[in-house]
Amino acid sequence: RMRMSDDRYFRTSSFYTAVFLFTNGMDISGIDKLSNPKRATFVFANHPDMEDLLQAFNYGKENDPSVMVDARKMITATRQLKEKLYQDTF
């Protein structure tokens with residue numbers, strides 16, 4: 001069971017942040033729908049690249065190569081995350 005304060009995991013309720021991380025190969029460990037029934041939280045296994053990816057996503061300049069992704073990979077990641085989000089169990 002994942003604990004809220006467990007630093008082995010990164011948690012975000014931002015769907016777009018989750019899509020970006022998933023598109024860039026970060027492993028999703030689960031989706032927490034219980035802590036806040038109105039907003040799901042995506043839970044990722046922490047990874048050495050996580051901080052750099054988040055920094056680039058949140059603060060990178062327009063057209064920065066570190067935030068560029070293959071559109072097909074992003075579409076696939078979006079579909080997969082939506083499927084997981086709407087499944088009853090993860």
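These values consider heavy atoms only, across backbone and side chains, with no hydrogens, waters or symmetry-generated copies.
Scanning both residues, Ala18 and Phe44, for their nearest heavy atoms gives O-CZ, 3.5 Å.
Atoms CE and CG, on Met50 and Asn24 in that order, are 10.5 Å from each other to the nearest 0.5 Å. The distance from atom CE of Met74 to atom CZ of Phe20, rounded to the nearest 0.5 Å, is 11.0 Å. The NZ atom of Lys73 sits 9.0 Å away from the OG1 atom of Thr23 when rounded to the nearest 0.5 Å. Note that the CE atom of Met26 and the CG atom of Leu53 stand 5.0 Å from one another [nearest 0.5 Å].
In this structure, the side chains of Phe15 and Phe42 come closer than 4.5 Å at one or more pairs of heavy atoms. Under the 4.5 Å side-chain criterion, counting only non-hydrogen atoms from C-beta, Ser66 is not in contact with Lys61. Residues Leu81 and Ile28 form a side-chain contact, since some pair of their non-hydrogen atoms from C-beta on lies under 4.5 Å apart. For the pair Val67 and Glu62, the minimum side-chain heavy-atom distance is 4.5 Å or more. For the pair Val43 and Phe10, the minimum side-chain heavy-atom distance is 4.5 Å or more.
Between the Lys33 side chain and the Leu85 main chain, a donor and an acceptor come within less than 3.5 Å of each other. Distance alone, capped at 3.5 Å, is enough to place a donor-acceptor pair between the Arg39 side chain and the Ser13 backbone. A donor-acceptor pair under 3.5 Å is absent between the side-chain atoms of Asp64 and the main chain of Gly60, judged by distance alone. Remark: the backbone N or O of Asp7 is paired with a side-chain donor or acceptor of Asn46 at under 3.5 angstrom.
Hydrophobic clustering (side-chain heavy atoms under 4.5 Å, transitive across Ile, Leu, Val, Met, Phe, Trp, Tyr) keeps Tyr16 apart from Ile75.
When Val19, Leu21, Thr17 are each tested for a side chain to side chain contact (heavy atoms under 4.5 Å, CB included) with Phe57, only one passes: Thr17.
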- Message: Quick one, Arg11 with Ser29, criterion side chain to side chain contact (heavy atoms under 4.5 Å, CB included). Give me CA distance, side-chain angles, the key distance, then yes/no.
- Response: CA-CA 10 Å; Arg11 303 168 70 83; Ser29 300; over 6 Å; no
